[in-house]
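Scroll down for the structure; my scribbles are underneath it.
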Amino acid sequence: MASADLAPRLAAYAASRMPGAVDVEVRDLSRISGGASRQTFRFRLAWTEDGVPRERRMILRRDPPASLIDTERRVEFEAYRAFFGSRVPVPEMIWLEEGTEALDLPFSVAAEITDFEAAPALLWTEPYLAAHETLARNKWAILGEIARADPFELGLDRVMPPPEPESCWVRELGMWEKVLDEDEAEPLPITRAAIRWLRANPPPAAQKIGVVHGDFRTGNYLYDREGGIHGVLDWEMAHLGDPLEDLGWSLNPVWNFKRNLAGGLVPDAVAIAHWEASSGLRADPTAVHWWTLFNCVKGQAIWISSARAWIDGGNREPIMVLPAWGMQNPQDRAILKVMGRL
Amino acid sequence: MKPDIPAVLAELAGLVARNAVPDVDPAERAGALSLSAALLAMAAEAWDGAAQRLVEENQALRTLLSEAGDRVGPNAGLAQAVDDDLRISTLSAANARLRAALIELHAAVEGDDAPDARALESRIWEELRLSTERRQMSAALA
């Protein structure tokens with residue numbers, strides 16, 4: 001469906017969800033580049049209510065026919081809703097549509113958080129360079145807040161099955177190994193060696209069952225020039241598990257952006273200290289190492305599944321090739337680095 | 001590189017042609033063409049060295065398998081093959097067979113405390129490190 005066809009159908013859907021609104025109109029609908037697992041559009045919704053014209057900027061995220069990550073949109077939607085208004089900044093979720101009648105594919109609509117940046121590349125330029133320490137403190141403090149949250153109080157156990165503390169690692173490793181088994185297009189000797197090591201050297205049981213964002217990294221939050229963070233995005237892989245999993249993903253060397261710093265911002269030890277202070281949890285070095293290596297395997301599985309979606313013809317968008325070509329070898333080198341083999 | 005470069009280039013040709021139509025949304029066109037440019041740059045960099053990399057790596061893997069002797073088991077025949085067909089697709093297929101055999105060999109020796117197994121595992125790790133150097137691209141994302 002081209003953008004021109006999408007706007008009136010989206011407006012009709014919005015009108016059906018806003019009983020008091022008339023003259024509902026979608027304006028300036030435009031696709032945002034990227035979005036390998038959802039098609040993402042920015043638009044302004046205009047309507048009249050009680051005789052007063054109103055307008056709001058919104059984001060539409062629609063499932064593509066096949067995506068980089070196969071995720072449950074309801075899980076993502078509920079994760080955003082659980083943290084809205086908390087110290088974890090997230091956009092307000094407005095509608096979730098799981099049917100295909102309105103826009104051919106399931107979708108969600110959220111309020112747009114405007115006037116901040118998400119692109120990692122900007123962070124290595126002035127004036128952002130001067131704010132790295134503040135940004136890092138905020139980044140890992142927010143990650144700590146996610147770890148500190150009680151998923152049962154938030155009601156997230158209704159949509160995210162909780163594992164036992166001692167089996168978090170088994171479930172996650174098994175799930176991503178299965179992705180590799182099903183999707184790899186060529187043998188992966190480095191990744192397979194890492195998996196064997198992970199199975200032979202399991203981590204300690206989780207200190208608690210927490211919310212795991214699943215993709216908390218530079219590039220998935222909205223930041224300002226002073227190092228403030230105003231939105232944590234891309235909760236598509238959110239689940240319940242060991243909070244150290246998220247810390248390990250943030251320390252995956254592929255997110256260093258060739259700067260040899262966690263997230264390209266600060267040394268690993270500084271990031272870990274911020275996370276411990278905020279979460280109230282301990283980052284046992286052995287466990288952090290295990291979860292960092294695990295996340296290297298998970299990363300490789302994601303890049304591999306991106307290639308598979310393209311090869312099988314489910315999604316021929318160029319964004320699906322970019323991580324397959326541009327991330328697999330850096331991810332292998334990250335595995336070697338974490339295993340002390342580089 | 002997977003997906004294979006020729007298949008991606010063919011898809012990009014169609015994408016560029018579709019974006020040559022005047023009424024394409026400018027934001028969609030910008031996104032599609034900037035991603036296409038990044039992929040074309042990667043393909044260009046990989047193109048010249050692809051055959052050399054594969055021949056070199058296949059030879060290194062065959063040497064490793066030969067050194068492993070009886071530990072290679074039914075994969076021993078792979079060590080005797082030669083790359084006499086230099087098409088990338090053929091070299092890649094041979095490379096996949098050899099790397100699959102390497103996975104089996106690696107798994108077999110890493111739990112073995114015998115000195116020759118330790119030495120062989122060290123050489124496997126060294127080859128794996130070298131394999132990532134052969135695949136490095138200036139346009140890599142990380």
Side-chain angles (χ1 to χ4, degrees), chain A residues 2-4 28-35 41-42 120 184-193 196-197 200 252-258 264 299 303-304 306-312 316-336 339-342, chain B residues 1-5 7-8 11-12 14-15 23-40 42-43 45-46 61 92-93 95-107 110-111 121-122 124-129 131-137 139-142:
Chain A
S3 298
D28 300 333
L29 180 78
S30 63
R31 179 128 183 222
I32 301 171
S33 66
F41 299 83
R42 174 184 286 125
E184 72 174 10
E186 56 190 349
L188 301 163
I190 294 173
T191 306
R192 296 296 178 179
R196 292 194 302 274
W197 188 92
N252 180 346
V254 296
W255 306 128
N256 290 356
F257 298 96
K258 303 178 184 177
W303 320 137
I304 293 297
S306 167
R308 173 56 59 196
W310 195 96
I311 291 167
D312 289 348
R316 283 292 172 104
E317 302 249 6
I319 188 68
M320 305 304 286
V321 182
L322 198 64
W325 282 6
M327 293 297 279
Q328 279 190 42
N329 194 52
Q331 192 66 80
D332 264 351
R333 289 182 66 79
I335 290 173
L336 294 177
M339 294 185 81
R341 299 287 183 178
L342 196 59
Chain B
M1 283 164 68
K2 299 290 180 185
D4 293 325
I5 291 175
V8 173
E11 191 73 21
L12 291 182
L15 183 74
D23 64 352
V24 174
D25 177 79
E28 288 194 26
R29 175 184 286 140
L33 294 186
S34 63
L35 284 170
S36 300
L39 295 178
L40 288 169
M42 289 182 184
E45 186 173 347
L61 290 168
S92 294
N95 185 258
R97 289 191 293 273
L98 288 162
R99 277 163 68 90
L102 185 72
I103 291 173
E104 290 183 28
L105 177 62
H106 196 176
E110 65 191 1
E121 188 184 4
S122 292
I124 291 172
W125 279 114
E126 176 61 8
E127 165 52 28
L128 292 175
R129 186 186 66 78
S131 76
T132 67
E133 291 188 357
R134 293 185 196 107
R135 288 166 171 76
Q136 277 195 299
M137 287 193 295
L141 302 181

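Quick note on labels: first sequence line is chain A, next is B, and so on, each numbered from 1.
- Interface residue B/Leu128: backbone and side-chain heavy atoms are both found under 4.5 Å from chain A.
- For A/Pro318 against B/Ala32, the heavy-atom pair with the smallest separation is CG-O, 4.4 Å.
- For the atom pair B/Ser131 OG and A/Asp332 CG, the distance stands at 6.5 Å (nearest 0.5 Å).
- The candidate from A/Ile304, A/Ile311, A/Asn256 with the greatest count of non-hydrogen atom pairs under 4.5 Å with chain B is A/Ile311.
- The closest side-chain heavy-atom distance from B/Glu28 to A/Phe41 is below 4.5 Å.
- Shown here for A/Trp325 and B/Leu39, the closest heavy-atom pair between the two residues is CZ3-O, 3.5 Å.
- Interface residue A/Leu322: backbone and side-chain heavy atoms are both found under 4.5 Å from chain B.
- Only the side chain of A/Arg192 comes within contact range of chain B, judged by heavy atoms closer than 4.5 Å.
- Ion pairing between a basic and an acidic side chain is recognised when a charged N comes within 4.0 Å of a carboxylate O; B/Glu11 and A/Arg316 show such pairing.
- Interface summary for chain B: among A/Gln328, A/Met339, A/Arg333, the most heavy-atom pairs under 4.5 angstrom belong to A/Arg333.
- Heavy atoms closer than 4.5 Å to chain A are found in both the backbone and the side chain of B/Ala43.
- Between chain B and the residues A/Phe257, A/Trp310, A/Trp197, the largest count of heavy-atom pairs under 4.5 Å involves A/Trp310.
- Looking at residues two or more places apart in sequence or on another chain, you find no side-chain hydrogen bond (donor to acceptor under 3.5 Å, both in side chains) involving B/Arg97.
- Partners of B/Arg129 by side-chain hydrogen bond (donor to acceptor under 3.5 Å, both in side chains), not counting sequence neighbours, listed by chain and number: B/Glu126, B/Glu133.
- If you take CE on B/Met1 and CD on A/Glu186, they are separated by 10.0 Å, rounding to the nearest 0.5 Å.
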inquiry  = Could you go through B/Ile103 and A/Arg196, starting from their C-alpha distance and side-chain angles, then the distance that decides it, and tell me whether this counts as side chain to side chain contact (heavy atoms under 4.5 Å, CB included)?
reply    = CA-CA 11 Å; B/Ile103 291 173; A/Arg196 292 194 302 274; 4.0 Å; yes

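- Taking each heavy atom of A/Met327 and B/Ala142 in turn, the nearest pair found is SD-CB, 4.1 Å.
- Heavy-atom distances place no part of B/Ala93 under 4.5 Å from chain A, backbone and side chain included.
- The structure places NZ of B/Lys2 at 9.0 Å from CZ of A/Arg308, a figure rounded to the nearest 0.5 Å.
- From B/His106, atom NE2 reaches atom CD1 of A/Ile190 across 10.0 Å, with rounding to the nearest 0.5 Å.
- Counting heavy-atom pairs under 4.5 Å between each of B/Ile5, B/Asn95, B/Asp4 and chain A puts B/Ile5 at the top.
- Only the backbone of A/Leu188 comes within less than 4.5 Å of a heavy atom of chain B; no side-chain atom from C-beta onward does.
- Contact tally against chain B (heavy-atom pairs below 4.5 Å) for A/Gly326, A/Pro330, A/Ala334: the top residue is A/Gly326.
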